[in-house]
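Note sheet for the following structure.
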Amino acid sequence: MTIECLTSNKMFGGWHKQYSHQASSLNCRMRFAIYLPPQASSTNKVPVLYWLSGLTCTDENVMQKSGIQRIAAELGMAIVAPDTSPRGEGVADDDGYDLGQGAGFYLNASQAPWNRHYQMYDYIVDELPALIEATFPVSNKRAIAGHSMGGHGALTIALKNPELYCSVSAFSPISNPINCPWGQKAFSAYLGDDKDLWRDHDASELMRRVKQFVPARVDQGEADNFLNEQLKPDALLSAAKSNGYPLELNRHEGYDHSYYFISSFIEEQLRFHAQYLIR
Ligand SMILES: N[C@@H](CCC(=O)N[C@@H](CS)C(=O)NCC(=O)O)C(=O)O
């Protein structure tokens, strides 16, 4: 498991670094970013928040636009930002921004040609945390968060693995992908036409039936141009209500889908996670 450090920048007393490594689950080289707060040292392991980004993003969007490091440094929390799909010349792709590279949807593809590399669920749940915990001064206390496609990823991964994550949050998640164009396009390609199999990758479907509740917070801008067609937070809310799931859904008047919105509320989300990660 050799990894190569690509960049290293001191920030708020800690370090922001980018690494490249060969990902065996994805069968290609991957880049990720990590922010290590000043509290992280060989004698002090800090908890980790995994951040899953949205369509068209890489590890860089959240690290460059959200301001997440300032509050992570105060709270003593590492942030890990993986890429949003497998990458490279030999990796299947599509002309659309919402399928293929930059649009891995954090699931394991079963259909050709996608199944050769698109195993993002295994990468995020197993391979990457194992690498992070073996390489950096971090504990195995994990939380997970994300934006849009990454909000879908964070919610579905936490709901399926309540023993692995202390808490979950999302900005503007694709809450009911089986009933929206982004989700239907991606799930048809990656999972095939059997819609029964899609339900296992849908946050609203999972929230309606899970028995173990991971503390969950969602922030949604009311002026988000994807709100009604793609994101559908009401489906998530009604699933939570029907199952007695204590979901905290915050609606914010006037905010859109961008990182201007995320940077306005990232501090609140990190403080939400700190209640469960840092005790
Ligand atoms: N239609 C947009 C969809 C992409 C988009 O809005 N991506 C969101 C996530 S769903 C994002 O975070 N973009 C990158 C950024 O704002 O830094 C496009 O043309 O690229």
Side-chain angles (χ1 to χ4, degrees), residues 7 11 16 18 30-33 35 49-70 72 79-87 93-107 118 120-121 124 144-157 168-187 189-190 201-204 217-233 235-236 249-252 254-270:
T7 67
M11 255 189 118
H16 176 272
Q18 287 174 302
M30 291 293 282
R31 192 177 73 195
F32 68 85
Y35 176 69
L49 176 84
Y50 289 84
W51 173 272
L52 308 183
S53 281
L55 293 165
T56 74
C57 292
T58 66
D59 62 287
E60 292 188 325
N61 301 69
V62 68
M63 294 301 200
Q64 293 178 354
K65 291 183 168 179
S66 72
I68 199 168
Q69 297 93 341
R70 180 182 61 80
I79 309 293
V80 170
D83 205 344
T84 52
S85 75
R87 300 276 181 182
D93 202 3
D94 184 85
D95 288 341
Y97 72 90
D98 49 3
L99 186 67
Q101 296 191 34
F105 272 82
Y106 306 103
L107 47 76
Y118 286 74
M120 285 297 286
Y121 180 88
I124 300 296
I144 191 161
H147 173 222
S148 195
M149 174 183 73
H152 139 78
L155 288 167
T156 52
I157 284 172
V168 58
S169 70
F171 284 94
S172 338
I174 305 174
S175 295
N176 191 198
I178 64 175
N179 286 318
C180 81
W182 276 341
Q184 289 165 343
K185 178 175 176 179
F187 288 10
Y190 297 144
H201 307 274
D202 184 289
S204 298
R217 172 182 171 133
V218 169
D219 289 274
Q220 176 62 58
E222 293 280 75
D224 188 321
N225 52 331
F226 298 116
L227 183 61
N228 296 321
E229 190 188 10
Q230 304 283 11
L231 306 178
K232 304 187 188 290
L236 191 67
L249 172 61
N250 304 296
R251 300 177 196 264
H252 302 281
Y255 287 90
D256 62 20
H257 195 66
S258 70
Y259 271 89
Y260 295 110
F261 168 48
I262 294 172
S263 63
S264 303
F265 296 97
I266 194 74
E267 177 166 352
E268 286 187 25
Q269 282 210 3
L270 260 57

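For clarity, every value in this text was computed on a predicted model and none was experimentally measured. For ligands, and for the atoms within them, numbers begin at 1 and follow the listed sequence.
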**Request:** Return the residue, atom name and 0.1 Å-rounded distance of the protein heavy atom closest to atom 7 (N) of ligand 1.
**Result:** L55 O, 3.0 Å
**Message:** Any non-hydrogen side-chain atom of D59 less than 4.5 Å from a side-chain atom of Q18?
**Reply:** yes
**Asked** H147 heavy atoms, cut-off 4.0 Å: which ligand 1 atoms fall inside?
**Response** 9 (C), 12 (O)
**Request:** Quick one: look up the protein heavy atom nearest atom 12 (O) of ligand 1 and list residue, atom name and how far away it is.
**Result:** C57 SG, 3.3 Å
**Item:** Option among F265, F171, Y260 that satisfies the ring pair (Phe, Tyr, Trp, His ring centres under 6.0 Å) test with Y255
**Value:** F265
**Prompt:** Based purely on interatomic distance, does K65 place a nitrogen or oxygen under 3.5 Å from a nitrogen or oxygen of ligand 1?
**Reply:** yes
**Item:** Protein residue, atom and distance nearest to atom 3 (C) of ligand 1, heavy-atom basis
**Value:** Y97 CE1, 3.5 Å
**Prompt:** Would S148 and I174 satisfy side chain to side chain contact (heavy atoms under 4.5 Å, CB included), going step by step from the backbone distance to the final call?
**Reply:** CA-CA 5 Å; S148 195; I174 305 174; 4.1 Å; yes
**Item:** Donor-acceptor pair, side chain of Q230 and main chain of W182, under 3.5 angstrom
**Value:** yes
**Message:** Can you confirm whether L107 sits close enough to Y118 that some side-chain heavy atom of one is under 4.5 Å from a side-chain heavy atom of the other?
**Reply:** no
**Request:** Apply the side chain to side chain contact (heavy atoms under 4.5 Å, CB included) test between S204 and each candidate in S175, P233, P173, P177; give the one that qualifies.
**Result:** S175
**Item:** Is_contact(atom 16 (O) of ligand 1), protein non-hydrogen, under 4.0 Å
**Value:** yes
**Nitrogen or oxygen of H257 less than 3.5 angstrom from that of ligand 1** = no
**Prompt:** Is the centre of the Y106 ring less than 6.0 Å from the centre of the H152 ring?
**Reply:** no
**Asked** For Y50 and I124, what are the C-alpha separation, side-chain angles and deciding distance, and is it a side chain to side chain contact (heavy atoms under 4.5 Å, CB included)?
**Response** CA-CA 9 Å; Y50 289 84; I124 300 296; 5.5 Å; no
**Request:** Identify, for atom 20 (O) of ligand 1, the protein heavy atom at the shortest distance, and state residue, atom and that distance.
**Result:** T56 CG2, 3.8 Å
**Message:** Tell me whether atom 9 (C) of ligand 1 lies less than 4.0 Å from at least one protein heavy-atom position.
**Reply:** yes
**Fill in**
Note: ligand 1 atoms sitting under 4.0 Å from heavy atoms of S148 are 10 (S)
**Message:** I need the atoms of ligand 1 closer than 4.0 Å to a non-hydrogen atom of G54, numbered in the order shown.
**Reply:** 9 (C)
